[in-house]
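Order of the sequence lines sets the chain letters (A, B, ...), proteins ahead of strands, with each chain counted from 1. All values below were derived from every heavy atom in this structure, side-chain atoms included, with hydrogens, water molecules and symmetry-related copies excluded.
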Amino acid sequence: MSPVACASSAGSRCLAASRILRAAAGRCVPFQHSVVPPRPALWAPAVAVAAGQPAEPSGLRGGSLRTHCSSCPPGAAGSHQQQDYFTITTPLYYVNAAPHMGSAYPTIAADVASRFQRLLGKRVRFLTGTDEHGEKIAAAAEKRGMTPQAHCDDIVAQYTDLWGKLDIRFDRFVRTTESRHAALVVDVLGRCWERGDIYAADYEGWYCVDCEEFKDEKEMVALDGEAQPRGCPTHRKPCQHRKEANYFFRLSKYSKEIEELLSRDDFVQPASRRNELMSYVREGLRDFSISRAAVDWGIRVPQDPKHTVYVWFDALIGYLSGLLPEDVAPATSAVPAHGWPASVHVIGKDILRFHAIYWPGMLLSAGLPVPQKVYGHGFLTKDGLKMGKALGNTLDPQALVSTYGSDAVRLYFMKEIIFGQDGDFSEGRFRDVVNAALANNLGNGLNRTLNLLAKFHDSAVPLDSASLPADLPLRQLAAEKLPAAAAAYGSLSFHEAAEAVLALASRSNQYLEETQPWTKLKKGTDEEKAEAAAVLVAVLEAVRCVAVGLAPLTPGLSRRIYAQLGYSDAQFEAITWADSAWGGLQAGHRTAEPAPVFVRLEAPEDAAAAAAAAAAKAAPPQPSKKQLAKQKKAEQKAKQAAEAEAAAAPVTAP
RNA sequence: GGCGGCGUAGCUCAGCUGGUCAGAGCGGGGAUCUCAUAAGUCCCAGGUCGGAGGUUCGAGUCCUCCCGCCGCCA
């Protein structure tokens, strides 16, 4: 079972794995719903909301809104040529357990996309939240000796806590237990009903009491002494033949529209996802059940209070209810004025069908536009293996972010895994690639340059970066790479965006080696010293561009780079994508006291010991020759430094 | 079983509309430097492009079969 969006084993749901009730025999998913008191929607913690006003993302506060960005390529998804808003959603995560990497991954991606769109000046609505209905919730709560509501509240707190640690800046956090959500579900259902798209029909199939689930005939196994396969494969107990009345949604009525939708290049992405959906549609869309009579708690169907709304119908509408501000009555007609249709639903590939087929059908029935895009990202593995508690292979995002920090986690998953493809996490590789990019390349490059500026120019920028020649290779590379990064961000190609921006940092280090300003600054002529000063400005300006370019991916690091360059937090908060263009650093500007902006990642001791022990089994641990040589050099350096210090004149404290 | 996707250096990937008989990053090895975060820079090694056939002057790239992995559907 897919680890993404759902770490649990088969049968669990997080807008995932579970199968939807359909008119065909043998398909059913049980769920339970707890009717809970109304609760306010959670707002993003960073945003202070004035009474009666919708929340605004803090990133834009104080910044000027721009209507055009020269860095932005024409036609890019989410670009200015399209609407002036940007609505992005993650799945509404199932709160049967604490968040796992499978939910953190798409949330990070949505946050990166949101931050980029905010830098462009868009009115961004980043919607995430939780789906709190279902029998698994009740079971998990009971197991913990808690009410379902208390359980949900606790898990939701863990989600928001983790999102805070991962620098997730959502605008809306919707919970499907909110009364406003229920009200909108009822309203949407009413519209579909009036349209004639809901009808009563019997659903029958084989039911396992222990699973609380209907079984497909193929799934069942033959029990002892029986010829016919009628047993639950999990519990090995006889399934009961059940027939119950349900309400069904007339999805088949919208087959043509949905097939046309799926034929579009830009609706379902990546392109490989479309094929399986087209195959599914061509088999003929069948109506699906949207109610359950057997489940006591849930949103009551007003037209027949013996029924509660089936959880998929309910949860998908969270994308609508979550957009509505508190002061707006929960009505379907209000939704288009508040960021609908969504620009992109970011989802795991395992729940594509619900988002690309059922959801559009529901929306068409309710008279609402469909989302602009559904992006099915790939699955994650760890050390090449599927993740899952049952498999004993888990990746705890809380532990990861606590150990290594938000920027490292975000960069790895965005840069090293191609969004849309499956990807792997291994801790050694994680440290290596993050260190290489952020500590050794970018961080050291900035530090060495700031130290030179401090030493030879008292941290004052000697000239305008805009005055540097337009044909300066570093400047030209910036002019090439930052627009490329913008295009990549717009296409949700985060690894390409990261590579494009970081290429500028790499080139900066090369440029320093080519020009060796430290030599010229020490011993050069006045002209040579001026040239060297220009090199420092060029490199610092390039790093400033990199900071803006990386801001969606590594907001904390970018902020620290800006601080090191002498800018205030307010100045950082006010940046726009236009600031990624060359020319921001001005003569006279003072940089801060040099300090590392990214501390290299080290293996935790226990983990390192465990890794060493594991490696010892496979092969004797041996430090590489390079490492030994490096240690030796370090010792020599320390010795030389001590000797030099002893011989040098006393140094005046700054 | 049907359909679809994938298999390229130790790892992660590009190339994949036929033509320097394969590249990048990370890791590894060597050299060099000391402005700097045990960093930087330069150089090098690593490839049966899953396997076997075929088409072609020429195939990682097109066709067939087989093997393995993943996804969807029954």
Distance between [atom1] atoms of [N] and [M] (Å, rounded):
| N | M | atom1 | answer |
| --- | --- | --- | --- |
| B:C49 | B:A39 | P | 35 Å |
| B:A14 | B:U8 | P | 10 Å |
| B:A9 | B:G47 | C1' | 5 Å |
| B:U61 | B:C69 | P | 22 Å |
| B:U37 | B:G28 | C1' | 22 Å |
| B:A45 | B:C3 | P | 45 Å |
| B:G10 | B:G50 | P | 13 Å |
| B:C42 | B:G27 | P | 15 Å |

(request) Just label B:G15 as syn or anti from its O4'-C1'-N9-C4 or O4'-C1'-N1-C2 angle, using within 90° of 0 for syn. (result)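 Anti, since the glycosidic angle lies more than 90° from 0.
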What is the distance from atom [atom1] of [X] to atom [atom2] of [Y], rounded to the nearest 0.5 Å?
| X | Y | atom1 | atom2 | value |
| --- | --- | --- | --- | --- |
| A:S279 | A:R274 | OG | CZ | 14.0 Å |
| A:L472 | A:E541 | CG | CD | 11.0 Å |
| A:F248 | A:R286 | CZ | CZ | 11.5 Å |
| A:L438 | A:L601 | CG | CG | 8.0 Å |

(message) Quick check on RNA chain B: between A:G423 and A:E283, whose nearest nucleotide comes earlier from the 5' end?
(response)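 Going by which nucleotide is closer to the 5' end, it is A:G423.
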(request) With RNA chain B as reference, determine whether A:N440 or A:L452 sits nearer its 5' end, using the nearest nucleotide of each. (result)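 Per heavy-atom nearest nucleotide, the more 5' residue is A:L452.
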Closest to the [X] side chain, choosing from [options]:
| X | options | answer |
| --- | --- | --- |
| A:N451 | B:C72, B:A39, B:C35 | B:C35 |
| A:R448 | B:U12, B:C35, B:C13 | B:C35 |
| A:K349 | B:C26, B:C70, B:C13 | B:C70 |
| A:R600 | B:G27, B:A39, B:C70 | B:A39 |
| A:R286 | B:A74, B:G40, B:G25 | B:A74 |

(request) Decide whether A:Y404 and A:E602 meet the rule of one side-chain donor and one side-chain acceptor closer than 3.5 Å. (result)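 No pair is found: no donor N or O on one side chain lies under 3.5 Å from an acceptor on the other.
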(message) Within the 3.5 Å criterion, strictly below it, is a donor on A:N393 or A:D383 matched to an acceptor on the partner's side chain?
(response)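 Result is no, nothing qualifies.
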Nucleotide paired to [N] in any strand shown, Watson-Crick or G-U, under 3.5 Å:
| N | result |
| --- | --- |
| B:A14 | none |
| B:G71 | B:C3 |
| B:U41 | B:A31 |
| B:G47 | none |

In whole Å, what is the span from the [atom1] atom of [X] to the [atom2] atom of [N]?
| X | N | atom1 | atom2 | value |
| --- | --- | --- | --- | --- |
| A:K415 | B:C26 | NZ | C1' | 8 Å |
| A:D383 | B:U12 | CG | P | 11 Å |
| A:L438 | B:U37 | CG | C1' | 12 Å |
| A:F456 | B:C35 | CZ | C1' | 7 Å |
| A:I418 | B:C11 | CD1 | C1' | 13 Å |
| A:Q421 | B:G71 | CD | C1' | 14 Å |
| A:F494 | B:U12 | CZ | P | 22 Å |
| A:E427 | B:U12 | CD | C1' | 17 Å |

(request) Could you identify which residues of residues 512-533 of chain A place a heavy atom less than 4.0 Å from some atom of RNA chain B, listed by residue number, or say none? (result)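 Result for residues 512-533 of chain A: A:E513, A:W518, A:K522, sorted by number.
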(message) Tell me if the centroids of the rings in A:F354 and A:W359 come within less than 6.0 Å of each other.
(response)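 So the answer is no for these two rings.
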(message) For A:F425 and A:F413, take the angle between the two ring planes, folded into 0 to 90°, and tell me which bin it lands in: parallel under 30, tilted 30 to 60, perpendicular over 60.
(response)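 Plane angle under 30°, so parallel.
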Considering every strand and a 4.0 Å limit on heavy-atom distances, what is the contact class for [X]: base, sugar-phosphate, or nothing?
| X | answer |
| --- | --- |
| A:L446 | nothing |
| A:D422 | sugar-phosphate |
| A:V599 | nothing |
| A:F598 | base |
| A:N447 | base |

(message) How would you summarise protein contacts on nucleotides 3-10 of chain B per nucleotide, using B for base, S for sugar-phosphate only and - for none, with heavy-atom distances below 4.0 Å?
(response) -S------
(request) May I ask you to verify whether the side chain of A:N444 and the base of B:A36 hold a donor-acceptor pair under 3.5 Å? (result)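 For A:N444, whose side chain was compared with the base of B:A36, there is a donor-acceptor pair (under 3.5 Å).
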(request) Inspect the surroundings of CG in A:D266 and state if more than 12 heavy atoms from other residues, nucleotides or ligands are less than 6.0 Å away. (result)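 For A:D266, atom CG is crowded (more than 12 foreign heavy atoms under 6.0 Å).
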(message) So if I apply the side-chain contact (heavy atoms from CB on, under 4.5 Å) rule between A:R507 and each of A:L512, A:L474, A:L502, which one comes out positive?
(response)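 Only one option passes, and that is A:L474.
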(message) What verdict does the ring pair (Phe, Tyr, Trp, His ring centres under 6.0 Å) test give for A:H345 and A:Y375, after you've listed the backbone C-alpha separation in whole Å, the side-chain angles of each residue and the deciding distance to 0.1 Å?
(response) CA-CA 6 Å; A:H345 287 318; A:Y375 197 100; over 10 Å; no
(request) Quick one: closest heavy-atom pair of A:L450 and A:Q564, and the distance? (result)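 Looks like CD1-OE1, 3.2 Å.
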